[in-house]
Structures are given as structure tokens and as C-alpha cells.
Engineer: 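Let me begin by handing over the structure; questions about it come next.
So you know, we letter chains A, B, ... as the sequences are listed, proteins then strands, and number each from 1.
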Protein chains: 2
Amino acid sequence: MAADPRVLDELRAAILRGEFAPRQRLVESDLCEAFDASRFAIRAALQALEADGLVERQRNVGARIREISLEEACEITEVRQVVEGLIARRAAERVSDEEATGLEAIGRQMHDAVAAGELALYSDLNARLHSSLRDIARHEKASGIIAQLHGQMVRHQFALSRVPGRSKVSVHQHQAIIDAVVGRDPDGAEAAMRAHIGSVIEALRGIG
Amino acid sequence: MAADPRVLDELRAAILRGEFAPRQRLVESDLCEAFDASRFAIRAALQALEADGLVERQRNVGARIREISLEEACEITEVRQVVEGLIARRAAERVSDEEATGLEAIGRQMHDAVAAGELALYSDLNARLHSSLRDIARHEKASGIIAQLHGQMVRHQFALSRVPGRSKVSVHQHQAIIDAVVGRDPDGAEAAMRAHIGSVIEALRGIG
DNA sequence: ACCAACAATATTGTCGACAATACAGGCACG
DNA sequence: CGTGCCTGTATTGTCGACAATATTGTTGGT
């Protein structure tokens with residue numbers, strides 16, 4: 001089908017921005033109007049998003065935004081824990097001096113952001129750090145799975161960022177990851193990443 | 001789209017049976033005839049299989065069987081290594097007495113199969129062991145990812161099974177996994193599974 | 001012999017129309 | 001008043017026909 005990329009991207013972005021409530025029905029004709037696209041393009045996009053795990057479809061009933069339970073969010077994060085661990089390990093094995101400098105810069109900015117209480121900036125730096133590690137690790141399959149899992153977590157991710165005091169804890173964990181990677185310590189990097197995401201899982205459980 | 005399940009399953013099974021060569025073009029009209037289905041159903045199935053990573057498609061060009069390089073196979077197995085490690089850990093945490101007995105039975109059958117040189121039976125038991133561990137761990141996300149990755153590995157899996165002497169090595173690794181799970185030792189189970197799949201990666205690299 | 005431009009063909013992409021199905025509301029009946 | 005059926009409507013599923021595009025083959029020139 002090769003869904004029209006424009007429609008697919010716009011619809012995916014809309015979902016990730018949280019413009020639809022969980023379990024909200026996605027009626028094809030409505031989407032046609034909203035995105036000014038043919039039903040054909042919409043259907044193809046919906047099928048692609050189903051594969052991404054963002055929407056679920058029942059035959060002859062239609063598509064709806066997938067509801068991701070807290071339990072499922074924990075499972076997703078558990079998988080992320082080990083796969084990001086793999087990425088951290090590989091990053092520690094492959095990091096160049098230049099890349100190491102970049103990581104340390106992110107670490108300093110994170111520290112400053114927390115000190116200044118800049119929550120949004122910190123969240124952005126967090127994404128940058130994980131993204132940099134993926135780039136350094138150069139592990140396509142692992143990166144792809146992380147991307148897939150991340151897409152399903154947006155809603156809970158948002159809830160997590162509003163847990164007070166989390167940034168103060170996680171900044172140290174992030175620093176530990178950076179130190180281990182920069183120090184070319186694969187075991188340490190994996191352990192630090194696991195510890196970090198382990199605390200994310202605990203925070204998730206705490207929300208429920 | 002919700003591709004006609006019959007067409008999707010048959011086509012997927014045909015690919016997994018190796019009835020198409022890597023990079024072989026999948027012409028829609030040919031598939032229509034082969035599976036006695038409409039082009040519509042075929043297209044939907046192809047899109048689903050693209051999401052599975054079994055076929056790749058270029059716009060206006062068509063679908064072909066995805067070629068999975070040895071390097072990509074290694075990456076896939078590296079991800080499998082950590083995710084199966086997670087499964088083994090959870091299995092050790094959650095295994096019941098009854099399930100433990102089942103695992104030990106598989107271990108004995110594996111031992112016998114290797115002693116008798118029954119390669120096909122051993123391969124079958126291998127699949128049964130990993131499948132049992134997934135059932136015991138009850139981790140849907142992890143199991144789903146393993147299934148996804150496994151589908152992309154069929155060709156290399158076949159090549160692996162023909163490496164002489166592998167079964168004699170792996171039977172001990174399998175036994176170590178079983179022992180750790182039955183002994184309710186999560187750390188040991190994860191380590192044993194990682195060691196096992198680590199040796200699979202080495203064997204894979206040896207093929208090239 | 002090689003290359004470029006062009007024509008012919010094969011294949012996929014898109015759409016509109018209709019069929020099939022599920023769901024909601026009303027109606028008869030107990 | 002509740003229950004089961006039945007009809008009407010909304011929505012999705014499927015198809016065939018045609019348009020758009022890539023690929024292949026051919027021709028003419030150098």
C-alpha cells in the first residue's frame with residue numbers, strides 16, 4: 001500500500017500529540033475530511049499505524065486509539081530496559097573522543113537545567129541523551145525497537161514527567177551512564193542504564 | 001485493511017518455508033493467481049508483511065523478499081540475547097513446580113536426542129524449550145518482539161542448524177538455563193540465556 | 001561498440017461505487 | 001415492564017477500472 005507519507009505522518013503526529021483520547025473511534029470518513037485525503041489513503045495509514053501499535057482495529061467495526069494499560073506500559077519499559085542496556089553497552093564500546101565530549105556537554109546542560117528548574121529543557125536534554133547514545137551505538141535493530149516502543153508510551157511518558165522530584169533523581173543516573181560510556185566501560189554502562197530505567201519502572205508503578 | 005487472514009497466513013507461511021528466494025520480486029498479479037485471491041487482499045497482506053519485516057516495498061516498483069544480511073542477523077540475535085535474557089529472568093521468578101517439571105523433562109529429552117544424533121528432534125525440542133520459557137514468563141511484549149525477530153531469521157536459522165557439532169555445545173547451555181530457572185535463580189537464568197545466545201552469535205559470525 | 005533518447009510494456013497506485021456487516025432504535029409480544 | 005426480533009442507518013470491506021510510474025527494449029547517432 002505504501003500509505004501516502006503525508007497523511008501517515010500527519011495522523012501519527014496527531015496521535016502522538018495526544019489529539020485523540022484512548023479508545024476514541026477513528027471513523028474513516030471523518031479522517032478523510034480532517035486530513036483532506038481519500039479514504040484509500042486513510043485506510044492505508046490506519047493499517048500502518050496498527051502495525052506500529054498505535055491504533056487497534058476490529059474487522060467491520062473500525063479503528064480506535066489503542067489504550068495502553070499501566071501494566072502494558074511497565075512491560076514496554078522492561079523491554080526498553082534491556083534493549084537500552086544493550087545500546088549503552090555498545091555505545092561504551094564504540095564511542096569516539098568527539099562523541100564523548102558531546103555526551104559530557106549534555107550532562108552539564110542537564111545539571112544546569114535541573115538546578116534552574118527548567119523542566120521542559122531537561123526533558124528535551126533527556127531525549128537528546130538517549131538519542132545520542134543510539135547514534136553512537138549504531139545498532140539499527142535495537143534503535144528501531146526502541147522507537148517502536150517509545151511511540152506507544154507517549155501518554156504515560158507525559159504522566160511520568162509530571163511526577164515531582166523525578167528529575168533530581170534521574171540526573172545522577174544519567175550522569176552515571178555518561179561517565180561509564182565516556183570511560184569505555186561497557187558493563188558499567190549497561191548496568192547504569194538498567195538502573196536508570198529500573199527507576200522509571202518504579203515511578204510508573206507508583207502512578208497507578 | 002485487516003488483510004484477509006487466510007491469504008496473509010498462507011503467504012507468510014510460504015515465505016517462512018523458504019519458498020521464495022531473498023530479493024525475489026513478489027508480483028501482485030502472480031500472487032493473486034497463486035493464492036486465488038483478489039489483488040486487494042494480496043496488497044493488504046503485503047503491507048502487513050512489510051510491517052513484519054519479511055518483505056520490503058518500493059513505491060511504484062513493488063514488493064520483494066527482504067534480504068537479511070549476516071550483519072543484520074547478528075544484530076537481530078543481539079537484541080534477542082537481551083530480550084530472551086529478560087524472559088529467562090522472569091521465568092525463574094514465576095515458574096511453578098509443575099512448569100519446572102516440564103522444563104526438566106525437555107532437558108532430558110534434549111540430552112537423549114543429542115546422544116541419539118536426532119538432529120531434527122533436537123531442533124524441535126529447542127523451539128519447545130524457548131516457547132515454554134515464554135509461556136512461563138508471561139511477558140507479552142517481550143514474547144511479541146521475539147516472535148517478530150524470529151520471523152526474520154528463518155533463513156539463517158536454517159544455516160545455523162547445519163553447523164556440525166553445535167548441538168553438543170548447546171545442550172549444556174540449555175541445561176544451564178533449565179537448572180537456573182528451576183532453581184528460581186533469576187540472575188543465573190538471565191546469565192545462562194545470554195551465554196547461550198552469545199554462542200549463537202559467534203556461530204553466526206563463523207558462517208560468514 | 002557505446003550511449004542517449006524515446007517508445008512499448010509491465011506493474012503498481014488511486015479512486016469511486018457497491019456489497020457486507022455491525023449497531024441502535026423501535027415494535028410486537030409475553 | 002422487560003425481552004427478543006426486526007428494520008434502518010452508519011461504517012467498513014471489496015472489487016474492477018483506470019491513471020501514474022518504473023522498467024525494458026529499440027532505434028539512431030557518434
Engineer: I need the full list of ring pair (Phe, Tyr, Trp, His ring centres under 6.0 Å) pairs touching residues 143-167 of chain B, with sequence neighbours left out, sorted by first then second residue.
Structural biologist: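 Listed by first then second residue: nothing to list.
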
Engineer: Applying a 4.0 Å non-hydrogen cut-off, can you work out what Ile42(B) is touching in the nucleic acid: base, sugar-phosphate, or nothing?
Structural biologist: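 Result for Ile42(B) = nothing.
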
Engineer: Take the protein atom CD of Gln58(A) and the nucleotide atom C1' of dC23(C), then report the distance between them rounded to whole Å.
Structural biologist: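 It works out to 12 Å between those atoms.
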
Engineer: At a cut-off of 3.5 Å, list every protein nitrogen or oxygen paired with a nitrogen or oxygen from nucleotides 19-22 of chain C, distance to 0.1 Å.
Structural biologist:
unit_1  : atom_1 : unit_2   : atom_2 : d
dT21(C) : O3'    : Asn60(A) : ND2    : 3.4

Engineer: For Glu104(A), check side chain to side chain contact (heavy atoms under 4.5 Å, CB included) against everything at least two apart and list the hits.
Structural biologist: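 Once residues adjacent in sequence are excluded, the partners of Glu104(A) under the side chain to side chain contact (heavy atoms under 4.5 Å, CB included) criterion are Arg108(A), Ile178(A), Val182(A).
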
Engineer: Distance check needed: dA10(C) C1' versus Asp30(B) CG, whole Å only.
Structural biologist: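 One finds 11 Å between C1' of dA10(C) and CG of Asp30(B), rounded.
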
Engineer: Does Arg25(B) make a side-chain N or O approach to OP1 or OP2 of dT11(C) shorter than 4.0 Å?
Structural biologist: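 No.
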
Engineer: For dT14(C), does OP1 or OP2 lie under 4.0 Å from any side-chain N or O of Arg43(B)?
Structural biologist: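 No, Arg43(B) has no side-chain N/O under 4.0 Å of OP1/OP2 on dT14(C).
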
Engineer: Give me the atom names and distance for the closest heavy-atom approach of Ile65(B) to Ala21(B).
Structural biologist: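 Here Ile65(B) and Ala21(B) meet closest at CB-O, 3.4 Å.
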
Engineer: Sorted by first residue and then second, give each ring pair (Phe, Tyr, Trp, His ring centres under 6.0 Å) pair with at least one member in residues 47-93 of chain B; sequence neighbours left out.
Structural biologist: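 For residues 47-93 of chain B, and leaving out neighbouring residues, there are no ring pair (Phe, Tyr, Trp, His ring centres under 6.0 Å) pairs at all.
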
Engineer: For Glu10(B), check side chain to side chain contact (heavy atoms under 4.5 Å, CB included) against everything at least two apart and list the hits.
Structural biologist: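 With neighbours one apart ignored, the set is Arg6(B), Phe35(B).
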
Engineer: Suppose the criterion is ring pair (Phe, Tyr, Trp, His ring centres under 6.0 Å): which pairs have a residue in residues 188-208 of chain A, not counting sequence neighbours?
Structural biologist: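 Sorted pair list: His130(A)-His196(A), His174(A)-His196(A).
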
Engineer: Can you name the atoms? Protein N/O to nucleotides 15-17 of chain D N/O, anything below 3.5 Å, with the distance.
Structural biologist:
unit_1  : atom_1 : unit_2   : atom_2 : d
dC15(D) : OP2    : Ser38(B) : OG     : 2.4

Engineer: With sequence neighbours excluded, what pairs up with His139(B) under the ring pair (Phe, Tyr, Trp, His ring centres under 6.0 Å) test?
Structural biologist: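 Per chain and number, His139(B) pairs via ring pair (Phe, Tyr, Trp, His ring centres under 6.0 Å) with no residue.
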
Engineer: Which residues satisfy the side chain to side chain contact (heavy atoms under 4.5 Å, CB included) test with Gln81(A), sequence neighbours excluded?
Structural biologist: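 Testing Gln81(A) for side chain to side chain contact (heavy atoms under 4.5 Å, CB included), a comparison that skips the adjacent residues, returns Arg194(A), Ile197(A), Ile201(A).
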
Engineer: Between dT12(D), dG13(C), dT11(C), which nucleotide has the shortest distance from any of its atoms to the side chain of Val27(B)?
Structural biologist: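 The listed nucleotide nearest to Val27(B)'s side chain is dT11(C).
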
